Structures are given as C-alpha cells and as structure tokens.
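To start, the structure itself, in structure tokens.
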Amino acid sequence: ASGHLSAAGAAGRGVLGRWCWRGAEPSRAEPGADHGAGMVLQEPAGAPSLSTAVGGVADATAEVQLSRLRWAVLLLFSSYSLCNAFQWIQYGSINNIFVRFYDVSAFAIDWLSMSYMLIYIPLLFPVAWLLDKRGLRLIALAGSALNAMGAWVKLGSLKPHLFPVTVMGQVICALAQVFILGMPSRIASVWFGSHEVSTACSIAVFGNQLGIAAGFLVPPVLIPNEEDVEKLAYHISIMFFMTAGVASALFILVIIVFKEKPLHPPSRAQASIQSRPTAEYSYMQSILRLLRNANFLLLMVTYGLNVGCFYALSTLLSRMVIHHYPGEEVNAGRIGLTIILSGMVGALISGIWLDKTKTYKQTTLVVYIMSLVGMIVYTFTLSLGHLWVVFVTAGSLGFFMTGYLPLGFEFAAELTYPESEGTSSGLLNVSAQIFGIAFTIGQGQIMDRFGTKAGNLLLCSFLFLGTVMTAFIKADLRRQQANLENEQTVSKRPFNPCCAAAISSGQHPTSHLSRKGGGLWGSSLLAFSNR
C-alpha cells in the first residue's frame, strides 16, 4: 500500500542481506550451503534489506491458513453483541409503559437509549488503544462481563422509585457497548480470509442488529400495558431475569472459546500486519494518519449521518407509531422488528456482494441513495392510517439503512489499510453516536412541537447531504491492493541461474530492468519500489 512500505516490510529489517530463493519461498542462505538449486542474492554494502525494498516480500510468503475456530468466534461475538443491543432498545420499544412505571418523562426514558451513544464518545480512544495493545480476547472478556453485570444490576430496579438503579444498570451496559462496536471489522480481518472478510463483517454486525430486532419484538410481548404496578413489575422482572441469564452464559462461553487470533494468518494482508514489530506502531500516529485521510474523513461524516438517523428512528419509533395508531404497542415493536430483519438481509447480501465484486464505492453510494428514498417514502406514508403500508415502507427503509452498517466498516478498512480496523471503525462509531444524540434530541423536540412528519423530514435532509458527500469519496482500496500485490509476489516464477548470462548480455526479456536498475539487485528494487 502506497506510503506504508516501511510498515509492510518491517519484518525484514536487520536481517542478513543474503537470501536463497527456492521456488517462491525465500529463506536465509547458510554459509557454505549448496546453492545449486536456487539463486543467491547478495545485497551490496549499505543497501536497504531486500524485504524492506520490496514492501514485505518475506511477509507475503508466510503460511496463510484458515482456522476452523473462526466461525465459533464469530458466532459467539455476534451472540453477546445481540444481548447488548437488546438492552439498548428494551426501554425505548415500550417507552410509554416505562414512563408510567417509573413516573418519569418520555425524555428521561429516551436518555436510557442515548446513554449508549453518550458514553461511547469519550471512551472510544482508551478502548481502541487497549484493542491495539492487548488484542481481541481482553476486549471480548471486558465487553461480555460488563454486559452481564449491567443486566444483573437492572434486577434491583423493580420498584417505581428505583429509576436511578435502572439508569446505573443501563450505564454499565453502555460501557460494555464501547468494547463491542469496534470489533466486527477487526474480527473479520484477524480471523477470515480475503475472500470472506466482508461476509464475516456483515455477520458480526448481523448479531447487533438481531439484538435490536429482539429489543423491538420481545418487550411488548413480555410486558403488557397493565395499570397495576405490581403486575407490571412482575412482567419487567421476567425480562430482566432472562436477559441476565443469557448474558452470564455468554460471558462463560467467551472465557472458554474466544481466542486471541488463529495460529496462522488468514490472508497476506494480515500476515504483513502481524509481522510488524510492536515498537514500530504508534497509536497516536495512527489516529493522526486517519484524520489526514480525506476519503476517510468524508466516510466518517457520511457514516455518522446515516447511522445517526437510524439511531434516532429506532429510539423514537414507538412514539411515532403510537401517535398515529394509539394502543398499537405490539405492532410498533413488530414494525421495528421488520426494519431490523430486512436490514439484516440487506447487510448479508451487501457483504456477499462486496466479497464477489469489491465495488465498495459504488455499493455504498447506491445503498445511501436508497436509504434516502426509503426515508422519504416512510415519512409520507406513516400517517395514512394503514398499518400494513407502514410495515412495507419501514421494511424497505430498513433493508438499505441497516444494510449500510457493515458497508461503512468494510469501506473504512479498505481506505485506511494498514491502520487498525478497531481505530477506524471506532472513529466511525463516534461520529454515529454524536449525530445519533443530536438527531434523537432534535427530532424528538420537533415531533413534540410540529408533528412526526416534520421530525422525519429533518432526517431526510441530512440523508440527502450524506448522499452528496458519499459521491465525493474516492475508491482508494488499499487492503485489496495489498492482497493483490502479495499474491503476485508469491506467484512469481522462481529465479533461474541459467538465465543469468542472458540477463547480463541483454538478451533476456527482463534485461531492460537490469539496465535501468543496475544489475539483479537493481531490478529487484525497481520491481517493488512503487508498491
């Protein structure tokens, strides 16, 4: 990848300048060894090491192998991400019931959802630093443990005067979310091959979306709109106990199953990153490089606009539906479920499509445009008085808006390679949380004063802005380029000693490289210097 030669070829620094090429595999030549079967390259004194010059050719020849455990790790992550997302929306999906139970305002219940967004912003950088320094396993343990702890704390809030306790439990779950949201693209890169990485990222995001879907569906079913506070407390306790039990079981499974990384790197790009010395990587420098990347900055803003709209829509959906269809709490939850389930299908399809075509820019732009169209249609059909129409339009909106989530992660990983996926996706999520809080508060206030249509038009205007900005992002696919170059390096034909005379005499087809580069060392340097 352009501009990162020193990072990609770091494994070769300080190595003896004597290499033996047998087939496509380089190995150090031992003094006195028989070199009749291969060709020995002697670097001239003072020249850079060959591996540095070629941008990591040693890394390219590392053993690449897929681990069978990768699917278990992915499924486990998706499961505890699901549980955490369920706890995010479990209050908002029956906003009116919790307003009456705790005797607080609707805005206070909205803040239970917005606490997830608010807490993420200041804690992103410390957690992303931990992810880079300590790896996936520690972050997975912390996220699943905090998720279980928050669920158990909520069980102490089953009285109307204990609203502060439920706030504390929700804040702990929000802390867990900080250890979860930046993981999908990192797990996909560390555990999965280059031809399945986008699908893996989609499945990882899949779990979070399924949790939101469950958060829309389950609370209205478990907690009916009762007037009796004692009965209401009983139904709420059932939901809290179920959540705590599932979260605890998943934490135990993370301890047993979740590993740091596979024994062998799954792709050439990952082999290059894993071979980089720790001392060479600077977290702050990585952030600064990301913030100087114009394409990534555009993506960060557009991702925040799209996902921020989704957060606001999810948080306020129940209020919007019940405003037009009083007494339809269960159907409001089902509409939310429809949005998420259709979005999960969209996310999976987009992940498979990206793995097949690698058309990141085009796919992202099309999905963004369709999200805008879906939001406009939903805005003008919500008040028609036909619930089935709302189901159809909300499902269409969810297919594209929710399906955009893994696209943003994967596009960012491409634009910012070889920077850490945890850092790039973390910055995307910070943008989403900031816009999510602003849109939720803004749309809520507009809905209270001017109605739901005006609130939804606010989201439409920002989606239009995001669509225009997405069109200006350049498709600088650095990770794909790194994989392609490394595969070409490995597949190059071995050096043949019998060609040496032809090369030196100018009769061999590659002799022009020798003349330009100054001998065999020069040709090798020239061939890789622009990578």
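In this text the structure is predicted, and so the values were computed from the model without any measurement.
- From Ser93, atom OG reaches atom CZ of Arg334 across 13.0 Å, with rounding to the nearest 0.5 Å.
- Taking the side chain as every heavy atom from C-beta outward, Ile441 and Met114 approach each other to under 4.5 Å.
- Side chain of Asn306 to main chain of Tyr368: no donor-acceptor pair is present (N/O by atom type, distance under 3.5 Å, no hydrogens or angles).
- Under the 4.5 Å side-chain criterion, counting only non-hydrogen atoms from C-beta, Val167 is in contact with Phe163.
- The environment of Phe462 atom CZ is sparse: at most 12 non-hydrogen atoms of other residues, nucleotides or ligands sit within 6.0 angstrom.
- Atom-to-atom distance recorded for Gln170:CD and Ser113:OG is 6.5 Å, nearest 0.5 angstrom.
- With a 4.5 Å cut-off on side-chain heavy atoms, Val73 and Pro262 do not count as touching.
- Minimum heavy-atom separation, Leu299 to Leu415: CD2-CD1, 4.0 Å.
- Using modelled atom types, no side-chain atom of Gln209 and backbone atom of Leu341 make a donor-acceptor pair closer than 3.5 Å.
- Inter-residue side-chain proximity for Leu354 and Phe411 is flagged as unmet; no heavy-atom pair is nearer than 4.5 Å.
- Salt bridge absent: Glu414 and Lys358 never bring a charged side-chain N and a carboxylate O closer than 4.0 Å.
- A donor atom on one side chain and an acceptor atom on the other are not found under 3.5 Å apart for Trp88 and Ser314.
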Self-check item: Criterion side chain to side chain contact (heavy atoms under 4.5 Å, CB included) on Phe400 and Val366, from CA distance to verdict
Solution: CA-CA 9 Å; Phe400 295 103; Val366 169; 5.7 Å; no
Self-check item: Verdict with supporting geometry, Tyr311 and Phe439, ring pair (Phe, Tyr, Trp, His ring centres under 6.0 Å)
Solution: CA-CA 8 Å; Tyr311 287 161; Phe439 291 163; over 10 Å; no
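- Side-chain contact between Leu138 and Phe258: absent, with no pair of heavy atoms (C-beta onward) separated by less than 4.5 Å.
- If you check the side chains of Gln177 and Tyr116, you find no donor sitting under 3.5 Å from an acceptor.
- Panel note: side chain Ser144, backbone Leu141; a donor-acceptor pair is recorded below 3.5 Å.
- Around CE of Met239, the count of heavy atoms belonging to other residues, nucleotides or ligands within 6.0 Å exceeds 12.
- Contact detail for Ala148 and Ala247: the closest heavy-atom pair is CA-CB, 3.6 Å.
- Residues Phe192 and Leu74 meet the side-chain proximity criterion, which asks for heavy atoms closer than 4.5 Å.
- Side-chain atoms of Ser431 come within 3.5 Å of backbone atoms of Met300 as a donor-acceptor pair (strictly under, hydrogens ignored).
- With hydrogens and angles disregarded, no donor-acceptor distance shorter than 3.5 Å links the side chain of Gln433 to the backbone of Tyr120.
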Quiz item: So Leu82 and Ile212, side chain to side chain contact (heavy atoms under 4.5 Å, CB included) or not? Walk me through it.
Solution: CA-CA 7 Å; Leu82 180 156; Ile212 299 173; over 6 Å; no
Exercise. Starting from the C-alpha separation in whole Å, work towards a yes-or-no answer on side chain to side chain contact (heavy atoms under 4.5 Å, CB included) for Phe435 and Cys309.
Key: CA-CA 8 Å; Phe435 283 114; Cys309 289; over 6 Å; no
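- Checking side-chain atoms of Lys361 against main-chain N and O of Ala471 turns up a donor-acceptor pair under 3.5 Å.
- For the pair Ser157 (side chain) and Lys154 (backbone), a donor-acceptor distance under 3.5 Å is present.
- Here the closest heavy-atom approach between residue Ile339 and residue Ala394 is recorded as CG1-O, 3.4 Å.
- One N or O on the side chain of Ser115 and one on the backbone of Leu112 form a donor-acceptor pair closer than 3.5 Å.
- Minimum heavy-atom separation, Met401 to Leu313: SD-CD2, 4.4 Å.
- Contact detail for Leu250 and Tyr80: the closest heavy-atom pair is CD1-CA, 3.6 Å.
- Rounded to the nearest 0.5 Å, atoms OG (Ser78) and CG (Asn208) are 9.0 Å apart.
- Going from atom OG1 of Thr467 over to atom CD1 of Ile369 covers 6.0 Å, rounded to the nearest 0.5 Å.
- The closest side-chain donor-acceptor pair between Tyr91 and Thr166 falls under 3.5 angstrom.
- Interatomic distance, Ile236 CD1 to Phe241 CZ, rounded to the nearest 0.5 Å: 13.0 Å.
- The closest side-chain heavy-atom distance from Leu136 to Trp191 is below 4.5 Å.
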Self-check item: Test side chain to side chain contact (heavy atoms under 4.5 Å, CB included) applied to Gln443 and Thr315, step by step
Solution: CA-CA 10 Å; Gln443 186 184 13; Thr315 302; over 6 Å; no
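- Counting heavy atoms from C-beta outward, Phe179 and Leu123 have side chains that stay 4.5 Å or more apart.
- For the 3.5 Å distance criterion, the side chains of Asn95 and Ser318 fail to qualify, holding no donor opposite an acceptor.
- Closest non-hydrogen pair, Ile119 versus Ala174, comes out as CD1-CB, 3.6 Å.
- Of the inter-residue distances, the one linking Asn295 atom CG with Ile473 atom CD1 reads 7.0 Å to the nearest 0.5 angstrom.
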